[in-house]
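Because only heavy atoms are used, hydrogens play no part in the values below, and waters and symmetry mates are left out as well, while side chains stay in. For clarity, every value in this text was computed on a predicted model and none was experimentally measured.
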Amino acid sequence: MTGNYTIDFSNIPIISKEKINLSREDKKLIITKLLDAHKLACANVELGNITKRGFAANVCTYDGFWALGTNFNNTRNEISSICAERSAILSLYNTLMIDYINKKQDKFDFRIKYICMAQNIPIDQTSTTPVPCEDCLSWLNTNKFFDDNTLVFSFEKPDNGVLSIKAVKLSTLLPYKGFLTKNEIDSCKIIYSSLKNKNIISEKIIRNLLDKTFESYKNSNSAYISKQNISCSIFANNEIFTSNRIDWTKRWFLEPLELSCAKAVEKFGSSLKIDAICYFGDEFTNNHNEFFPDGVVSIKSLGRIRRKYAACDTLLILNTAQGVFVTTIAEYLPKKFIQGYNF
């Protein structure tokens with residue numbers, strides 16, 4: 001018996017496409033932490049979470065420190081919301097930072113080993129738990145506190161009806177990493193990913209998109225704080241719309257994909273259909289001559305437009321050192337965006 005749940009730890013299988021080796025004790029610990037997260041997610045809804053949706057995460061560092069966090073919503077808009085994963089990570093970070101200051105330790109090494117996720121539905125009715133949303137994935141897509149060995153656990157009940165633990169590496173949920181873009185243009189070859197149909201739009205349009213995005217990049221002076229010039233063009237309703245990154249402060253900026261989409265939405269409204277997206281820009285932000293690899297493509301923005309004006313087969317075009325790389329949103333982003341985000 002664990003809390004209000006009767007669980008036979010030894011009989012719960014672990015489902016994973018990865019090679020996950022957990023000892024009996026580690027497996028029991030993960031299940032216990034998942035149950036704790038589930039209870040918190042349920043309590044969050046019962047106590048009046050405004051969205052009536054409860055999620056919780058239990059995160060662990062490599063040093064074995066744990067912390068719980070739940071989704072925090074005091075309005076229905078994203079401005080006043082934070083997801084459970086980020087909530088738990090921030091809680092643990094602050095707790096360990098305070099402990100570090102008080103004990104005057106020699107080293108502060110904060111790296112996440114496990115993320116245990118749960119939602120507020122009865123465990124016996126669980127089919128699967130959603131992976132982190134695009135906002136969280138954009139936050140987790142760094143090498144600061146996470147690595148290729150960070151594991152994500154959740155309850156799952158596959159078709160055989162047996163309650164199981166799903167285990168995935170965080171890195172398998174994230175887009176291509178280390179696929180650096182090139183901030184100069186030449187007559188690179190076009191490299192297609194595993195597209196089922198390479199003729200979605202012509203090579204001429206792909207080249208035209210890249211040329212217009214590059215010209216916008218060269219003439220941009222709106223990223224004067226971050227020094228990270230990024231331009232983005234979309235091909236929608238047979239027209240091209242282009243925008244640049246705009247810095248407000250060191251913390252706040254406008255993402256060029258969303259700006260380009262806004263221009264197109266103003267013209268075409270609900271009939272807008274985005275066929276291709278082209279990014280061009282600098283991989284790094286610059287802060288006092290220190291460079292930080294923030295990347296060019298916005299996971300958050302791709303995830304948002306995917307819900308409304310784009311589709312799984314919307315092309316994504318990047319200028320790389322190997323050539324002009326052409327993939328799709330579905331192939332670039334995690335599988336979650338193919339399945340949708342419905343509850």
Tell me whether [X] contacts the main-chain N or O of [Y] through its side chain, where contact means a donor paired with an acceptor under 3.5 Å.
X: Thr70; Y: Phe55; result: yes
X: Ser231; Y: Phe280; result: no
X: Lys169; Y: Glu18; result: no
X: Gln228; Y: Asp282; result: yes
X: Asn141; Y: Leu137; result: no
X: Asn120; Y: Asn44; result: no
X: Asp147; Y: Thr150; result: yes
X: Thr126; Y: Thr128; result: no
X: Arg111; Y: Lys144; result: yes
X: Asp294; Y: Phe284; result: no

Nearest heavy-atom neighbours spanning [X] and [Y]:
X: Cys232; Y: Ile277; result: SG-CG2, 3.7 Å
X: Ala84; Y: Ala56; result: CB-CA, 3.5 Å
X: Phe146; Y: Trp139; result: CE1-O, 4.2 Å
X: Asp247; Y: Ser226; result: OD2-N, 2.7 Å
X: Ala88; Y: Leu68; result: CB-C, 3.9 Å
X: Glu85; Y: Met117; result: OE2-CE, 3.6 Å

Does the distance from a Lys or Arg side-chain N to an Asp or Glu carboxylate O, for [X] and [Y], drop under 4.0 Å?
X: Lys103; Y: Asp99; value: yes
X: Glu258; Y: Lys300; value: no
X: Asp275; Y: Lys273; value: yes
X: Lys218; Y: Glu215; value: yes
X: Glu255; Y: Arg245; value: no

Do the rings of Phe268 and Phe241 sit parallel, tilted or perpendicular, given the 30° and 60° boundaries?
-> perpendicular

Tyr114 vs Trp66 aromatic rings, parallel, tilted or perpendicular, using cut-offs 30° and 60°? tilted

So CG of Leu315 and CD1 of Ile206: to nearest 0.5 Å the spacing works out to 6.0 Å

| said: Run Tyr217 and Asn244 through side-chain contact (heavy atoms from CB on, under 4.5 Å) and show every step you take. | reply: CA-CA 7 Å; Tyr217 166 81; Asn244 302 312; 5.6 Å; no

Practice prompt. Please assess Leu35 against Ile123 for the test side-chain contact (heavy atoms from CB on, under 4.5 Å), listing each intermediate value before the final yes or no.
Written response: CA-CA 9 Å; Leu35 292 173; Ile123 291 179; 3.4 Å; yes

Are Phe145 and Tyr62 near enough that their ring centres are under 6.0 Å apart?
no

Check whether any side-chain heavy atom of Ile14 lies under 4.5 Å from a side-chain heavy atom of Lys27, and answer yes or no. yes

Considering only heavy atoms from C-beta outward, does the side chain of Thr328 approach that of Ser193 to under 4.5 Å? no

Kindly determine whether Lys263 and Glu239 satisfy salt bridge (charged side-chain N to carboxylate O under 4.0 Å, His left out), including the steps that lead there.
CA-CA 11 Å; Lys263 292 179 181 179; Glu239 292 190 31; over 6 Å; no

For Val324 and Leu318, run side-chain contact (heavy atoms from CB on, under 4.5 Å): C-alpha distance rounded to whole Å, both residues' side-chain angles, the deciding distance at 0.1 Å, then the answer. CA-CA 6 Å; Val324 179; Leu318 301 172; over 6 Å; no

